[in-house]
Amino acid sequence: MSSVRVRFAPSPTGYLHIGGARTALYNWLWAKKTGGTFILRIEDTDVARSTEASVQAIFDALDWLGLDWDEGPRVGGADGPYFQRERLPIYRAHADRLVEEGRAYRCYATKAELDEARRAHEREHGGKRGFKYPGWWRDKTERDWPAGDVPFVYRLKVPHEGATGWDDLVKGTIEIGHRELQDEVLMRSDGIPLYNFGCVVDDLEMGITLVARGDDHVINTPMQILIWRALGAEAPAFAHLPMILDERRKKMSKRDDAGSVEVYRERGFVPDGLLNYLARLGWSHGDDELLTREELIERFDWSGVGKEGAGYDEKKLAHVQAHHLRRMPGDVIAAAALPFAEARGLAIAPDDPRLVPAVETVRQRAVTLADVANMIDYYFREPPELDEKAAKQLAPSVLAPLRSFRALTAGHEPFERVSLEDAVKAWMEAEGLTFKDYAQAVRVALSGRTATPGLFEVMEVLGKTRCLARLDAAIAKLEAEG
Ligand code: GLU
């Protein structure tokens with residue numbers, strides 16, 4: 001087991017965004033590649049916005065994508081618990097120790113005092129320079145603390161001079177002067193840590209060696225490094241991943257429809273397709289576009305991650321997705337497509353002998369499992385739905401060829417593609433017909449649609465009894481109309 005320990009630390013405040021899924025994926029790939037450990041930690045300290053349903057949505061999305069974690073909720077581990085809200089005594093202990101060691105301090109400034117100082121600052125500087133906490137309590141000691149239960153916050157003593165930087169595995173060297181920082185609030189007296197403090201305490205306690213997350217967190221990293229040092233430890237490595245941009249090159253937000261993993265699942269994407277696309281969104285490995293999970297593990301490296309925003313491209317996603325769908329064995333596609341058929345009101349028995357052959361006729365044209373369900377619909381629906389465009393093609397002029405085709409079909413054995421095709425060719429010649437004279441009418445009679453896979457493939461899957469019944473129904477309809 002290598003010593004690599006990485007984590008995914010989502011806040012459960014909505015569904016899992018594809019940016020979050022990609023962060024999880026890169027961490028997971030790195031753990032798999034290095035034989036390291038992938039940890040899931042739920043950062044639920046935002047009590048107002050965190051919900052059970054969001055936690056469940058994160059689990060469901062990761063389960064669906066097949067991104068399993070080695071330590072975390074459900075599986076446990078030596079450094080648990082893995083929900084921040086269950087770790088409050090740990091934060092308290094670290095905060096108190098920092099105060100004892102003089103690296104942090106209790107600040108009893110009230111909101112009213114701070115608001116007044118902020119207003120005074122604004123009067124003096126306008127909106128030009130941001131307000132910073134003036135350090136009123138920085139050099140005070142326990143003797144100065146008010147008696148009784150007066151609320152306070154823990155603040156970090158940030159050095160006034162110097163700078164803090166790191167060599168980001170993706171972005172290169174980044175450095176921020178301490179003048180730009182202020183004495184950060186680590187925790188309030190209610191014991192709920194602020195993000196930077198909770199995150200660092202947990203990364204430290206969980207032995208994290210590399211923090212990989214979205215580059216919206218670059219701004220937090222200098223403070224986190226200072227907290228690591230205050231806690232007496234060296235910060236881990238950092239990799240900040242480029243944001244995913246929508247088609248207008250704007251940051252894709254949680255509100256974006258295409259932003260949630262759940263949406264892709266509902267649309268009938270297969271997990272390997274979405275994973276492959278997300279892996280390539282912001283990471284490149286030569287021209288290789290279509291990669292299996294194993295290939296991703298083998299090739300993934302931080303050096304291939306781009307510095308700048310990665311553009312989401314629905315067309316490329318569809319291409320990658322379709323490729324992965326087509327790689328799946330027919331019986332696996334069939335089983336996965338059943339819920340999508342059910343959503344169309346079609347209950348197909350999993351052992352229906354038409355199922356896998358039907359899927360085989362459409363798999364090359366489908367992009368999603370929902371497409372598969374749509375494309376095989378008429379094989380199972382009695383009677384097949386007749387679409388409007390198709391209905392127009394069942395005109396009185398096709399009655400004669402339909403009757404003749406019906407007679408030919410009724411007498412034909414074996415009912416399989418090649419043999420049917422040969423027989424139909426002979427019949428066309430004998431009757432002096434061309435494909436155009438009858439094929440579209442037969443297609444519509446059998447499927448209710450104007451476009452299907454090859455007619456003889458469709459006939460073989462439907463079987464003789466159904467073909468005859470459907471031809472009869474179309475003939476009867478035309479006769480009734482005529
Ligand atoms: N809870 C933070 C988020 O969801 C985690 C950031 C991090 O990975 O440090 O953005």
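The residues of the chain are indexed from 1 along the displayed sequence. Worth saying up front: this structure is predicted, and the values here are computed from it rather than measured. In listed order, ligands and their atoms are each counted from 1.
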Give every donor-acceptor pair under 3.5 Å between a side-chain atom in residues 225-242 and any protein atom, sequence neighbours left out.
from : atom 1 : to   : atom 2 : distance (Å)
H240 : ND1    : D168 : OD2    : 2.6
H240 : NE2    : R213 : NE     : 3.2
H240 : NE2    : T221 : OG1    : 3.0

With a 3.5 Å cut-off and sequence neighbours excluded, list the donor-acceptor pairs that the side chains of residues 146-156 form with protein atoms.
from : atom 1 : to   : atom 2 : distance (Å)
Y154 : OH     : R92  : NH1    : 3.3
Y154 : OH     : D96  : OD1    : 2.6
R155 : NH1    : D183 : O      : 2.8

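Residues passing the ring pair (Phe, Tyr, Trp, His ring centres under 6.0 Å) test with Y195, sequence neighbours excluded: H217.
In summary, of the residues considered (D79, D203, D202), a salt bridge (Lys or Arg N to Asp or Glu O under 4.0 Å) with R5 occurs for D79 alone.
Taking the six-membered ring where tryptophan is involved, the planes of Y108 and W137 are tilted, since the angle between them lies from 30° to 60°.
Relative to the six-membered ring of F59, R74 meets both conditions, a distance below 6.0 Å and an angle of at most 45° to the axis.
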Between ligand 1 and the protein, find all N/O pairs closer than 3.5 Å and give the distance for each.
from     : atom 1 : to   : atom 2 : distance (Å)
ligand 1 : 1 (N)  : A9   : O      : 2.8
ligand 1 : 1 (N)  : S11  : OG     : 2.8
ligand 1 : 1 (N)  : E43  : OE1    : 2.6
ligand 1 : 4 (O)  : S11  : N      : 3.4
ligand 1 : 4 (O)  : S11  : OG     : 3.4
ligand 1 : 8 (O)  : R7   : NH1    : 2.7
ligand 1 : 8 (O)  : R7   : NH2    : 3.4
ligand 1 : 9 (O)  : R7   : NH2    : 2.9
ligand 1 : 9 (O)  : Y195 : OH     : 2.6
ligand 1 : 9 (O)  : R213 : NH1    : 2.8
ligand 1 : 10 (O) : H217 : NE2    : 2.8

